[in-house]
*Asks:* 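Please see the structure below; I have some questions.
These figures come from a predicted structure and were not determined experimentally.
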Amino acid sequence: MDAESLLLSLELASGSGQGLSPDRRASLLTSLLLVKRDYRYDRVLFWGRILGLVADYYIAQGLSEDQLAPRKTLYSLNCTEWSLLPPATEEMVAQSSVVKGRFMGDPSYEYEHIELQKVNEGEKVFEEEVVIQIKEETRLVYVIDQIDKAVAIIPRGALFKTPFGPTHVNRTFEGLSLSEAKKLSSYFHFREPVELKNKTLLEKADLDPSLDFMDSLEHDVPKGSWSIQMERGNALVVLRSLLWPGLTFYHAPRTRNYGYIYVGTGEKNMDLPFML
C-alpha cells in the first residue's frame, strides 16, 4: 500500500484485521515520508508486518521510476528507524529455505541447521555433520522475496509499459469496473513475468503489450489458492492468499484505491494442495 495514502489504505484493509495502533500509524506516516526523501525513491510502499515472538518486523519498500526495477526493502522494529536489507541471493535462498518455525524478532538471532557433508580422506568417503548458522536478518530477506514473487499483486491497467522498456504508473487508471473486479484474470503478479514468456504467439494475439505484460493470477498453481470476495456492499473487492496466509489485496472498483498488505508469521501454507 502506498505510504502517501496510508490511513485510507489501512482503513480499506481493516476487514482482515490488519490494523495498527494510532501511535504506530503516526510513526509510519512521518518516517516513511522521510525514507522517501532520504533515499530518493519515486514511491514508498508499506509492505506489512512479520510477527515475531519477541518483536515484529515492519517492512517498507522503495520503488524507482521504473516500477518493475528491483525494489529496495527496509525493515524497522519501532516504525521510526529503518534499516536497508540486501537483495536476495541464491546463497541466501539455499540457506534460509531449511529454516522452519516462527521468527524471533531479533535480526541478530542465529538459527542452527545441521547438514551432512561428504568428506574425503584418502580413498575413504564418509559423511560428517556440519552446523550451519543462519542469521534471522538473512531469513527475513528470503521470506520477503518469496512472498513478493508469489503473491504481490496489482490490478490490470495500474501500470503501463512503454515501447522503450520502462514500466510506469498509469496516471489515467480509474479503477476496474465492478464486473472486471470479480475476475482473477484482472489481477497481475507485481514482478517480471515468468509464465508469459512461455506463451505462444497465438495466445499472445489478444493481449495489449502496454498493459498485459505480467503474469495473470488466473493460472496460479495450485488452482484455488486465491479467495476473492466483495465487501461493503460491492464497494470493495478483497483477495486473500491461501498459500501465504496474511496477504490481503484490496481494490475499490471505479477508483484508484488499491494495494496489498502482509501481516503474518512469514510461514507458507505447505498443506494447501491437500486442503483444496
*Asks:* In terms of side-chain heavy atoms, does E231 have a donor or acceptor partner in Y250 at a distance below 3.5 Å?
*Replies:* no
*Asks:* Locate the shortest heavy-atom distance separating L84 from Y41; write the atom from each residue and the value.
*Replies:* CD1-OH, 3.8 Å
*Asks:* Run the ring pair (Phe, Tyr, Trp, His ring centres under 6.0 Å) check on Y109 and Y111 step by step: do they pass?
*Replies:* CA-CA 7 Å; Y109 179 80; Y111 300 93; 5.1 Å; yes
*Asks:* Among H189, R191, Q61, which residue meets the side-chain hydrogen bond (donor to acceptor under 3.5 Å, both in side chains) test with D148?
*Replies:* Q61
*Asks:* Are side-chain heavy atoms of V141 and T73 found at a separation under 4.5 Å?
*Replies:* no
*Asks:* Identify, with sequence neighbours excluded, every residue that meets side-chain hydrogen bond (donor to acceptor under 3.5 Å, both in side chains) alongside K36.
*Replies:* E4
*Asks:* Looking at CD of E110 and CE of M104, how far apart are the two atoms once the value is rounded to the nearest 0.5 Å?
*Replies:* 13.0 Å
*Asks:* On a heavy-atom basis, which atom in F188 and which in L217 lie closest, and how many Å separate them?
*Replies:* C-CD1, 3.7 Å
*Asks:* Do P86 and M92 have side-chain heavy atoms sitting under 4.5 Å apart?
*Replies:* yes
*Asks:* Do you know the tightest heavy-atom contact between L211 and L159?
*Replies:* CD2-O, 3.8 Å
*Asks:* Could you tell me whether the side chain of R71 reaches within less than 4.5 Å of the side chain of W47, counting heavy atoms only?
*Replies:* no
*Asks:* What's the shortest heavy-atom distance between F160 and V169, and which atoms?
*Replies:* CE2-O, 3.5 Å
*Asks:* By the rule that ILVMFWY residues connect when side-chain heavy atoms come within less than 4.5 angstrom, directly or transitively, which residues belong alongside V131?
*Replies:* I114
*Asks:* Please answer whether the main-chain N or O of G157 pairs with a side-chain N or O of N170 as donor and acceptor at a distance below 3.5 Å.
*Replies:* yes
*Asks:* Quick one: are I154 and M214 in side-chain contact, heavy atoms under 4.5 Å?
*Replies:* yes
*Asks:* Write out all pairs satisfying ring pair (Phe, Tyr, Trp, His ring centres under 6.0 Å) with one or both partners inside residues 196-234, taking only residues at least two apart or from two chains.
*Replies:* none
*Asks:* Would a distance-only check, ignoring hydrogens and angles, find a side-chain to backbone donor-acceptor pair under 3.5 Å from H113 to I134?
*Replies:* no
*Asks:* Looking only at non-hydrogen atoms, find the nearest pair between G48 and I261 and report the distance.
*Replies:* CA-CG1, 3.8 Å
*Asks:* Flag yes if more than 12 heavy atoms outside E65 fall under 6.0 Å of its CD atom; otherwise flag no.
*Replies:* no
*Asks:* Using every non-hydrogen atom in the two residues, find where Y262 and E267 come nearest and quote the distance to one decimal.
*Replies:* OH-N, 3.9 Å
*Asks:* Consider only side-chain heavy atoms of I, L, V, M, F, W and Y, link residues closer than 4.5 Å, and tell whether L33 and W82 are in one cluster.
*Replies:* no
*Asks:* Under a 4.5 Å cut-off applied to non-hydrogen side-chain atoms, are R240 and Q229 in contact?
*Replies:* yes
*Asks:* Which pairs with one or both residues in residues 85-104 pass side-chain hydrogen bond (donor to acceptor under 3.5 Å, both in side chains), sequence neighbours excluded?
*Replies:* none
*Asks:* Less than 3.5 Å apart, which donor and acceptor atoms pair up between the side chains of residues 269-276 and the rest of the protein, not counting sequence neighbours?
*Replies:*
from : atom 1 : to   : atom 2 : distance (Å)
N269 : OD1    : D271 : N      : 3.3
N269 : ND2    : L242 : O      : 3.3

*Asks:* Looking only at side-chain N and O atoms, does D23 offer a donor or acceptor that is under 3.5 Å from a partner on S21?
*Replies:* yes
*Asks:* Side chain to side chain contact (heavy atoms under 4.5 Å, CB included) with M1: which of L8, L45, L12, L10?
*Replies:* L10
*Asks:* Please answer: with hydrophobic residues joined when any side-chain heavy atoms are less than 4.5 Å apart, are V93 and V194 in the same cluster?
*Replies:* no
*Asks:* Find out whether N257 and L236 are in side-chain contact, i.e. whether some heavy atom of one side chain is under 4.5 Å from a heavy atom of the other.
*Replies:* no
*Asks:* With side chains defined as the heavy atoms from C-beta onward, is the minimum distance between I153 and F190 less than 4.5 Å?
*Replies:* no
*Asks:* Under the criterion salt bridge (Lys or Arg N to Asp or Glu O under 4.0 Å), I'd like the reasoning laid out for R156 against E218: C-alpha separation, chi angles, the key distance, then a yes or no.
*Replies:* CA-CA 12 Å; R156 180 181 184 271; E218 64 178 331; over 6 Å; no
*Asks:* Would you mind reporting whether D42 and S64 have side-chain heavy atoms less than 4.5 Å apart?
*Replies:* no
*Asks:* If the condition is side-chain hydrogen bond (donor to acceptor under 3.5 Å, both in side chains), which residues does Y57 pass it with, not counting sequence neighbours?
*Replies:* E136
*Asks:* Mind telling me whether Y187 and F249 have parallel, tilted or perpendicular rings, with 30° and 60° as the class edges?
*Replies:* perpendicular
*Asks:* Go through R254 and E174 one step at a time and tell me if the salt bridge (Lys or Arg N to Asp or Glu O under 4.0 Å) criterion holds.
*Replies:* CA-CA 6 Å; R254 296 184 293 273; E174 295 295 339; over 6 Å; no
